[in-house]
Amino acid sequence: MGDFVGKSFAFSANPSLEYFSTKSTDKRQVTRGGSFNPGFGYQKEKGNTRYVPKQSSDAFIGGNAAVNIKAFTGLRFIETGYVVGARTGWGKVNYADTFLHKSNNKEASLELTFGIGTGRLENLTDAQMAFHILNDLQNQKLLTKDFSPAEMAGLAKTITNINNTRLFDYRRKRRFELQQIDSFLQKSGLVDAYSINYFTTLTDNWLYAFNPYRVQGKQKYIQLKPRISYWNEKSEVTNNNVFISEKSIYYTIIAELIAGIDDKKAVSITRQFNKGFSVATFYDYLRTKNYSNGADNTFINDGWTSSISGYLEWGYFPNTRTNVFANIKTRFSYDYSDQVAYNVTNLGFDANYFIGYNTRLIVSEGLSLNTPIGNGSGYKTYLNNRFSIGIEHFFR
């Protein structure tokens, strides 16, 4: 076999648009999120071997939406929520002039959450912003006195009220927000004079400081999570004028029962420590139907699995420009069908560094170890490592 001589060209784009919001009152906590993820890739090769794809392309469009609602009576709560997602993709690979492989797939999923519990996780993001504003003003000697914990709590409540006020006119909204903060500072006697320094400091923190989502508190919960998913994959292969068509349809139904404890602690304004523990059991039903050139086969797999999980998380926020996160998560599971136990342990690290007012550098490292305990078919020890560097931009 001779040496391969050739050249290649490749291009890919995978943008992501994400949304997150949270609202908290004495009676309700509501969290909403979603994402839209299109992607495209193209590669072209020129060479002297048929084993390298001459040309390939793929594209996909996907997204998801999630809502979680907790209704409180004192410290007891009822929890409901859902996560819905959908994705479709296309692909084409041409290995040689006589070999062409086309594929497309569609998938959709829906997960519901029903739960009860006791305790409360309070959102500290607004308190964190209040501290940033007051601390920055104090460092620049723009306050008339040192601020007290009660005054910081009062500004945090003002910020919460601002975030819970809906205004559709963007310019009016920004004016309203800054006017409300300024009004609180005046009424509290924390400012008695204006300067360009005062307004730029206020605006810089309110509009541009990175203010990570943080919570404080403990909760105990029991959740039932039913999930259904659908996957449809179709492929067409043309090889020397021979046409082969294949199609697979997967249906998955999962019902999971979870009981757990979360303990999240803001050690200080710059440090966060979270820990948690849970036990779960779930039933998994998978139905697969394969079609190949007119013939079809159906396979059904189902079974029960139980697990014990725990996690530790650390956050470090030295200033409004930089965030550092680290975590370790482990899960011990037992598959009753295969009669095998296994452990999955994940180590994660993420760092965000300020580049511009709406742009930051993201460095991420993830290590995952999957280890079977005992002998079981289909379970092998493997180690995955994921490292990435990217740019994240906020549209405000």
Side-chain angles (χ1 to χ4, degrees), residues 20-33 66-81 113 115-136 138 146-164 181 184 188 205-206 209-223 258-278 309-329 348-352:
F20 177 80
S21 73
T22 180
K23 182 176 180 179
S24 179
T25 65
D26 291 341
K27 297 294 183 181
R28 283 163 61 91
Q29 288 182 337
V30 182
T31 302
R32 294 184 173 89
V67 174
N68 183 271
I69 302 172
K70 288 181 179 178
F72 285 87
T73 302
L75 288 179
R76 299 182 182 276
F77 62 84
I78 297 175
E79 180 179 11
T80 56
T113 298
I116 58 173
T118 180
R120 187 171 175 121
L121 300 178
E122 293 289 354
N123 181 6
L124 293 185
T125 310
D126 293 344
Q128 185 174 242
M129 174 57 73
F131 175 82
H132 289 326
I133 292 173
L134 293 172
N135 188 60
D136 208 355
Q138 186 178 64
D146 292 340
F147 62 90
S148 66
E151 288 166 333
M152 192 183 84
L155 180 56
K157 290 181 180 179
T158 299
I159 292 172
T160 299
N161 291 332
I162 291 171
N163 290 330
N164 288 340
I181 295 173
F184 174 86
S188 301
N205 279 282
W206 181 248
F210 291 147
N211 196 29
Y213 180 69
R214 296 173 65 182
V215 294
Q216 162 85 24
K218 296 181 181 180
Q219 69 171 9
K220 300 176 182 179
Y221 61 89
I222 298 175
Q223 294 175 333
I258 311 169
I261 300 173
D262 290 315
D263 184 359
K264 301 179 184 291
K265 186 175 182 180
V267 181
S268 68
I269 199 66
T270 60
R271 292 188 297 131
Q272 179 84 21
F273 176 62
N274 304 327
K275 59 185 178 181
F277 172 83
S278 65
S309 305
Y311 69 87
L312 299 172
E313 297 175 339
W314 297 267
Y316 178 53
F317 321 103
N319 50 53
T320 60
R321 301 293 187 259
T322 305
N323 302 324
V324 179
F325 303 88
N327 65 73
I328 178 171
K329 301 177 181 179
F349 173 83
D350 295 277
N352 306 321

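All heavy atoms count here, side chains included; hydrogens, waters and symmetry mates do not.
- Between Phe184 and Ile162 there is no side-chain heavy-atom pair separated by less than 4.5 Å.
- Nearest heavy atoms, Asn135 versus Phe147: N-CE2, 4.0 Å.
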Listed pairs under 3.5 Å, donor-acceptor, residues 267-274 side chains, sequence neighbours left out:
| residue | atom | partner | partner atom | Å |
| --- | --- | --- | --- | --- |
| Ser268 | OG | Thr270 | N | 3.3 |
| Ser268 | OG | Thr270 | OG1 | 3.2 |
| Ser268 | OG | Arg271 | N | 3.2 |
| Gln272 | OE1 | Arg214 | NE | 3.0 |
| Gln272 | OE1 | Arg214 | NH2 | 3.2 |
| Gln272 | NE2 | Val215 | O | 2.9 |
| Gln272 | NE2 | Lys265 | O | 3.4 |
| Gln272 | NE2 | Asn274 | OD1 | 2.9 |
| Asn274 | ND2 | Glu313 | OE1 | 3.1 |

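- Annotation: the span from Asn327 atom CG to Asp350 atom CG amounts to 7.5 Å, rounded to 0.5 Å.
- At least one donor-acceptor pair under 3.5 Å links the side chain of Gln128 to the backbone N or O of Pro212.
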In sequence, state the C-alpha distance, the side-chain angles, and the governing distance for Asn163 and Lys23, and then conclude on side chain to side chain contact (heavy atoms under 4.5 Å, CB included).
CA-CA 8 Å; Asn163 290 330; Lys23 182 176 180 179; over 6 Å; no
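- Taking every heavy atom of both residues into account, Asp262 and Gly276 meet most closely at OD1-CA, 4.2 Å.
- Remark: the backbone N or O of Leu121 is paired with a side-chain donor or acceptor of Gln29 at under 3.5 angstrom.
- Listed by chain and number, the residues in a side chain to side chain contact (heavy atoms under 4.5 Å, CB included) with Ala127 are Ala156 (sequence neighbours excluded).
- Considering only heavy atoms from C-beta on, Phe131 stays 4.5 Å or farther from Leu155 through its side chain.
- The salt bridge (charged side-chain N to carboxylate O under 4.0 Å, His left out) analysis of residues 67-76, with sequence neighbours excluded, yields no pairs.
- For Ala153, there are no side chain to side chain contact (heavy atoms under 4.5 Å, CB included) partners two or more places apart in sequence or in a different chain.
- The two residues Phe72 and Asp26 make their nearest non-hydrogen contact at CB-O, 3.7 Å.
- For the atom pair CG of Asn352 and CZ of Arg321, the computed distance is 13.5 Å after rounding to the nearest 0.5 Å.
- Nearest heavy-atom pair across Met129 and Ala209 is CE-CB, 4.4 Å.
- The main-chain N or O of Asp126 is never found under 3.5 Å from a side-chain atom of Asn123 such that the two would form a donor-acceptor pair.
- Enclosure of atom CD1 in Ile78 is not indicated, since only 12 or fewer non-hydrogen atoms of other residues, nucleotides or ligands lie within 6.0 angstrom.
- In this structure, CG in Asn319 is found 8.5 Å from NE2 in His132, a value given to the nearest 0.5 Å.
- One finds the OH atom of Tyr221 at 6.5 Å from the CD1 atom of Ile258 (value rounded to the nearest 0.5 Å).
- Atom CZ of residue Phe317 and atom OG1 of residue Thr322 lie 11.5 Å apart, to the nearest 0.5 angstrom.
- In terms of heavy atoms, Ile159 sits closest to Ala130 at CD1-N, 3.8 Å.
- Scanning all heavy atoms of the two residues, the minimum distance from Lys220 to Phe77 falls at O-CZ, 4.1 Å.
- Checked against side chain to side chain contact (heavy atoms under 4.5 Å, CB included), Arg32 has the following partners two or more places apart in sequence or in another chain: Tyr19, Ser21, Val30, Val67.
- Here the CD1 atom belonging to Ile261 is positioned 10.0 Å from the NZ atom belonging to Lys275, to the nearest 0.5 angstrom.
- For residues 146-160, every residue pair satisfying the salt bridge (charged side-chain N to carboxylate O under 4.0 Å, His left out) rule, not counting sequence neighbours, is listed here: Lys145-Glu151.
- Of the possible donor and acceptor atoms, none in the side chain of Asn68 sits under 3.5 Å from a partner among the backbone N and O of Gly81.
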